[in-house]
Every structure is written in C-alpha cells, then in structure tokens.
Asks: 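Sharing a structure with you now.
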Amino acid sequence: MTNLTAKQPEAFLTEAEAILQAKAGAADAFEYLYKAHCRRVYSVCLRMIKNPAEAEDLTQQTFLQLFRRIGTFRGESGFSTWLHRVTVNIVLMHLRRKKPTEILEAELERDGSNAADSRELASCDTSVLGAIERFNLTRAIRKLPSGYKQIFLLHDVIGYEHNEIAGLLGCSTGTSKSQLHKARKRLQCLLQGQQGQTEVGVAIA
C-alpha cells in the first residue's frame, strides 16, 4: 500500500465537524476523513478483491465517491458503517465489470480460499479432468439466478459470513442462508448435467 497513509488527523477537528465541513466542500475536512479511514477502506477492498494494486485503486475510487456523495450522509447510521457500504458497492461494481471466469479462476485456485465447497467441486490438479471441472463450475455459476449468484460469490468465494451478507444486501440472515442453500442445490444439478454431457462427449470421441 504505497500511497496510503493513516496519520492521526488534526486534534482540533472532530469527525462530526469534519463531515459538516466536508459537506460544505472544505478540502481539509476531506483530508481528515481520508486519513482517519483510508486503512480501513483499503482492508475491505483487499479482503474482497485479493489484489493489493487493485485494492489501492478501489480505495481511491471510494474516496472520490465519498467526495461526490458526502452530502447524502444523513447520520442515521455511523459514518464508518455508511462508508463501509459505499466501499463494498464500489468493489461489487468493479467485480461485475470483470468477466466471471476471471474472478472465479483467481479465487478457486487461490491457496487458503474460504470457498470450501467450491474447492470440493473444482479439482486443483493440473490434469485435463481438473481443467474441465473448473470450467464446468465457472459455467454453472454463470447460469445461476442473479440473487443466488450474488450470495454464493459473497459467501463461498469471497468469504463473507451470513450476518455480514445480510448487512450488505439489506436482507435477513435467514434469507442469506436460504439463498445460499438453493444456490448450492442448483449448482449441483447444473454440474451433474454438465458432467453427463462431458461423459457423452468423451465417449463419442
């Protein structure tokens, strides 16, 4: 994290005062908020994207968005909670712009991934069979309904807990668990169908 610093902001300015001044366009107030929150924002980006360079870029994008949207902060929740939601939305938009295969290949092959179920479905060896299984998994995930796919990626690929997903998506923990269960069941059906097609193709060959 080369260009990000987390120096203590000026002692005479409180966060509440900085927010009010930032809404009025004060550059010093934005600097205060940046210094106070840049490391936390970077950590969220890095956790979701698993790439330091991209995480740093997304951190900068988050604070640019903060500059544009600070006027929409009404104080109904804590500023750090509001900024966390802004950060997650920035990262999710970034992920949506990337090809699903690029995201999944990086996550499914990464050592220490939290996606235990995904690892079981996708072989990590370098054989032709392993490559086919990884391709089938990626293709099956792309066929999931958007709601199922979003929760599957957040939980099984990125590693969020159900209570965190509920907070991010504005749903209940029970809904997150239910959607994930349905997503896994649908994936299992899709993969079984693809496996049958692969076996038929190999037999014909």
Side-chain angles (χ1 to χ4, degrees), residues 1-98 103 106-107 110 112-115 146-147 149-180:
M1 203 169 89
T2 56
N3 297 321
L4 301 181
T5 61
K7 298 177 182 177
Q8 289 297 319
E10 292 81 353
F12 60 84
L13 193 64
T14 68
E15 182 169 90
E17 292 170 338
I19 292 169
L20 288 175
Q21 292 181 24
K23 287 182 177 183
D28 289 347
F30 278 108
E31 183 180 0
Y32 175 105
L33 295 174
Y34 175 82
K35 290 178 179 179
H37 295 279
C38 64
R39 283 194 177 277
R40 186 179 297 110
V41 168
Y42 175 81
S43 295
V44 173
C45 294
L46 184 61
R47 176 183 177 185
M48 294 181 68
I49 211 73
K50 307 298 189 299
N51 182 303
E54 289 188 6
E56 186 170 330
D57 181 60
L58 289 169
T59 298
Q60 301 296 339
Q61 290 184 39
T62 297
F63 281 97
L64 286 174
Q65 186 76 338
L66 171 66
F67 178 82
R68 300 186 187 103
R69 294 187 55 194
I70 187 69
T72 67
F73 176 67
R74 296 189 297 271
E76 296 172 354
S77 61
F79 181 77
S80 60
T81 300
W82 181 81
L83 182 57
H84 180 86
R85 287 198 296 266
V86 172
T87 305
V88 170
N89 286 336
I90 290 289
V91 177
L92 289 178
M93 285 190 292
H94 173 77
L95 291 173
R96 291 188 193 108
R97 287 194 294 267
K98 296 184 70 174
I103 302 167
E107 292 294 339
R110 181 174 54 83
S113 169
N114 291 321
S146 59
K149 179 163 55 181
Q150 187 176 37
I151 288 181
F152 178 84
L153 289 174
L154 285 171
H155 187 276
D156 281 8
V157 177
I158 296 175
Y160 273 95
E161 299 296 333
H162 286 294
N163 62 321
E164 295 176 305
I165 295 172
L168 294 174
L169 302 184
C171 65
S172 68
T173 301
T175 296
S176 176
K177 291 179 179 179
S178 174
Q179 292 284 84
L180 179 63

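Numbering starts at 1 and runs along the sequence shown.
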Asks: Does E56 reach the main-chain N or O of A53 with its side chain, forming a donor-acceptor pair under 3.5 Å?
Replies: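 No; zero donor-acceptor contacts below 3.5 Å.
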Asks: Quick check: closest heavy atoms across L180 and F152, and the distance to 0.1 Å?
Replies: CD1-CA, 3.9 Å
Asks: Of all the heavy-atom pairs spanning I165 and C171, show the shortest one and how long it is.
Replies: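 It is O-SG, 4.5 Å.
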Asks: Any idea which heavy atoms bring T173 and N163 closest together, and the distance?
Replies: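 Smallest heavy-atom distance, with atoms named: OG1-CA, 4.0 Å.
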Asks: Side chains of H37 and E15: is there a donor and an acceptor less than 3.5 Å apart?
Replies: yes
Asks: Taking atom CG of D28 and atom CG of L33, what is their separation to the nearest 0.5 Å?
Replies: 11.0 Å
Asks: Pairs under 3.5 angstrom only: tabulate donor-acceptor contacts from the side chains of residues 84-92 to other protein residues two or more places apart or in another chain.
Replies:
from	atom 1	to	atom 2	distance (Å)
R85	NH2	S77	OG	3.4
T87	OG1	L83	O	2.8
N89	ND2	R85	O	3.2

Asks: How many angstroms lie between atom CD of Q60 and atom SG of C45, to the nearest 0.5 angstrom?
Replies: 10.0 Å
Asks: Is it true that a side-chain atom of S43 and a backbone atom of R39 form a donor plus acceptor pair closer than 3.5 Å?
Replies: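 Yes; judged by distance alone, with no hydrogens or angles, the pair exists.
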Asks: Where do I70 and A22 come nearest, in terms of heavy atoms and distance?
Replies: CG2-O, 3.9 Å
Asks: Are the side chain of K23 and the backbone of F73 linked by a donor-acceptor contact shorter than 3.5 Å?
Replies: yes
Asks: Give the intermediate values and the outcome of side-chain hydrogen bond (donor to acceptor under 3.5 Å, both in side chains) for residues T175 and S172.
Replies: CA-CA 5 Å; T175 296; S172 68; 2.8 Å; yes
Asks: What are the two closest heavy atoms between L66 and F30, and how far apart are they?
Replies: O-CE2, 4.2 Å
Asks: Evaluate the criterion side-chain contact (heavy atoms from CB on, under 4.5 Å) for residue pair T72 and W82; output intermediate values, then yes/no.
Replies: CA-CA 10 Å; T72 67; W82 181 81; 3.5 Å; yes
Asks: Roughly how far, to the nearest 0.5 Å, is the CD atom of E31 from the NZ atom of K35?
Replies: 3.5 Å
Asks: Going by distance alone, is a donor N or O of one side chain under 3.5 Å from an acceptor N or O of the other, for H94 and Q61?
Replies: no
Asks: Just how far is it from atom CE of M93 to atom CG of L58, taken to the nearest 0.5 Å?
Replies: 9.5 Å
Asks: So, taking the atom named CD1 in I151 and the one named CD in Q179, what distance separates them when rounded to the nearest 0.5 Å?
Replies: 5.0 Å
Asks: Looking only at heavy atoms, which two atoms of C38 and T59 are closest? And how far apart?
Replies: O-CG2, 4.1 Å
